Amino acid sequence: TVGKTFLYKEKFGRAIYAGYLVNYHLDLKKVIPEYVLEYTKSYTFKQWVLSNQRIAGQPNINGQEYLQAPIVVPPLDEQKKIIEIVLKLKNKILSISSSIEEVENNAQQEFENSIFS
């Protein structure tokens with residue numbers, strides 16, 4: 001579970017913060033929270049996590065060590081563009097996944113109809 005990230009938003013309602021989680025407040029003049037979230041899901045960040053976690057029973061990186069994580073921070077307008085691209089790609093993936101599921105269901109129906117009809 002080390003390296004997992006989540007962006008809490010007020011629309012989720014009240015939440016209880018678990019003590020073993022690392023909580024950061026971002027400087028909104030420098031970064032867009034959604035950009036940081038997507039960056040923490042990048043290959044580069046995941047490689048940093050792998051090379052910095054300690055495995056002693058349970059993998060771990062403490063909060064101070066996370067502060068040393070190299071996060072590329074482009075200008076805010078570039079961050080916005082990156083977020084737009086990522087969202088478009090995610091929507092495309094969802095659309096393709098939905099289409100695949102529909103094709104699979106149709107294939108299953110056709111198979112069952114040809115066998116049992």
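Note that the coordinates shown come from a computational prediction; the quantities given were computed from them, not determined experimentally.
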Trainee: Please determine whether the number of non-hydrogen atoms from other residues, nucleotides or ligands lying under 6.0 Å from atom NZ of K30 exceeds 12.
Mentor: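 No, the 6.0 Å shell around NZ holds no more than 12 heavy atoms from other groups.
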
Trainee: For F12, which fellow cluster members are found when Ile, Leu, Val, Met, Phe, Trp and Tyr are connected by side-chain heavy-atom distances below 4.5 angstrom, either directly or through intermediates?
Mentor: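 Joined to F12, directly or through intermediates: F6, Y8.
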
Trainee: Do F45 and V86 belong to the same hydrophobic cluster, where Ile, Leu, Val, Met, Phe, Trp and Tyr are linked whenever their side-chain heavy atoms lie under 4.5 Å apart, directly or via other members?
Mentor: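 Yes, F45 connects to V86 through the hydrophobic network.
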
Trainee: Enter the distance from L87:CG to L94:CG here, rounded to the nearest 0.5 Å.
Mentor: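 Interatomic distance, L87 CG to L94 CG, rounded to 0.5 Å: 10.5 Å.
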
Trainee: Are there over 12 heavy-atom neighbours, none belonging to Q47, within less than 6.0 Å of that residue's CD?
Mentor: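 More than 12 within 6.0 Å, yes.
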
Trainee: Could you check E34 against L7 for side-chain contact (heavy atoms from CB on, under 4.5 Å), going step by step and ending with a plain yes or no?
Mentor: CA-CA 7 Å; E34 289 80 2; L7 177 59; 4.0 Å; yes

Trainee: Just by modelled atom types, is the S114 backbone N or O under 3.5 Å from a matching donor or acceptor in the S117 side chain?
Mentor: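 No; zero donor-acceptor contacts below 3.5 Å.
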
Trainee: Answer with yes or no whether the hydrophobic clustering places I83 together with V31; edges join I, L, V, M, F, W, Y residues whose side-chain heavy atoms lie under 4.5 Å apart.
Mentor: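 Yes, I83 connects to V31 through the hydrophobic network.
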
Trainee: Can you name the residues that form a salt bridge (Lys or Arg N to Asp or Glu O under 4.0 Å) with K29, not counting sequence neighbours?
Mentor: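 By the salt bridge (Lys or Arg N to Asp or Glu O under 4.0 Å) rule, K29 matches no residue at all.
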
Trainee: Using the rule that Ile, Leu, Val, Met, Phe, Trp and Tyr join whenever any side-chain heavy atoms are under 4.5 Å apart, tell me whether V72 and L50 fall into a single cluster.
Mentor: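 No, V72 and L50 fall in different hydrophobic clusters.
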
Trainee: Take Q79 and E38, measure what side-chain contact (heavy atoms from CB on, under 4.5 Å) needs, and give me the verdict at the end.
Mentor: CA-CA 10 Å; Q79 292 178 45; E38 294 304 331; over 6 Å; no

Trainee: Quick one, Q108 with E112, criterion side chain to side chain donor-acceptor pair (under 3.5 Å). Give me CA distance, side-chain angles, the key distance, then yes/no.
Mentor: CA-CA 6 Å; Q108 182 70 30; E112 290 176 7; 2.7 Å; yes

Trainee: Is it possible for you to say whether V22 and L67 belong to one hydrophobic cluster, with membership spreading through side-chain heavy-atom contacts below 4.5 Å?
Mentor: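 Per the 4.5 Å side-chain linkage, V22 and L67 are co-clustered.
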
Trainee: Name the orientation class of the two ring planes belonging to W48 and Y66 (parallel below 30°, tilted from 30 to 60°, perpendicular beyond 60°).
Mentor: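 Answer is tilted, since the angle falls between 30° and 60°.
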
Trainee: Supply the atom-to-atom distance N113 CG to Q109 CD, rounded to the nearest 0.5 angstrom.
Mentor: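 Here the interatomic distance stands at 5.5 Å.
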
Trainee: Given 3.5 Å as the limit, does a donor-acceptor pair link the side chain of K80 with the main chain of Y35, or not?
Mentor: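 Flag not set: sc K80 to bb Y35 has no pair under 3.5 Å.
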
Trainee: Please check if atom CD in E102 has more than 12 non-hydrogen atoms from other residues, nucleotides or ligands closer than 6.0 Å.
Mentor: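 Result for CD/E102: open.
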
Trainee: Grab the two heavy atoms, one from L37 and one from T40, that are nearest each other, plus how far apart they are.
Mentor: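 Closest approach of L37 to T40: O-OG1, 2.6 Å.
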
Trainee: Does the pair V36 and I32 meet the rule for a side-chain contact (heavy atoms from CB on, under 4.5 Å), with working shown?
Mentor: CA-CA 7 Å; V36 175; I32 300 170; over 6 Å; no

Trainee: Nearest 0.5 Å, what's the OG1-NZ distance between T5 and K46?
Mentor: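 The OG1 atom of T5 sits 6.5 Å away from the NZ atom of K46.
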
Trainee: Would you say the side-chain atoms of S97 pair up with the backbone N or O of I93, donor to acceptor, closer than 3.5 Å?
Mentor: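 Pair found, side chain donor or acceptor close to backbone of I93.
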
Trainee: How far apart are the C-alpha atoms of K81 and E78, what are their side-chain angles, what is the distance that settles it, and do they pass the salt bridge (charged side-chain N to carboxylate O under 4.0 Å, His left out) test?
Mentor: CA-CA 5 Å; K81 289 177 187 174; E78 287 296 315; 3.6 Å; yes

Trainee: Taking Y39's backbone N and O only, do any of them form a donor-acceptor pair with S42's side chain (distance below 3.5 Å, no angle check)?
Mentor: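 Yes.
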
Trainee: Examine L26 and I71 and state if one hydrophobic cluster contains both, with Ile, Leu, Val, Met, Phe, Trp and Tyr joined whenever side-chain heavy atoms are less than 4.5 Å apart.
Mentor: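 Linked within one cluster.
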
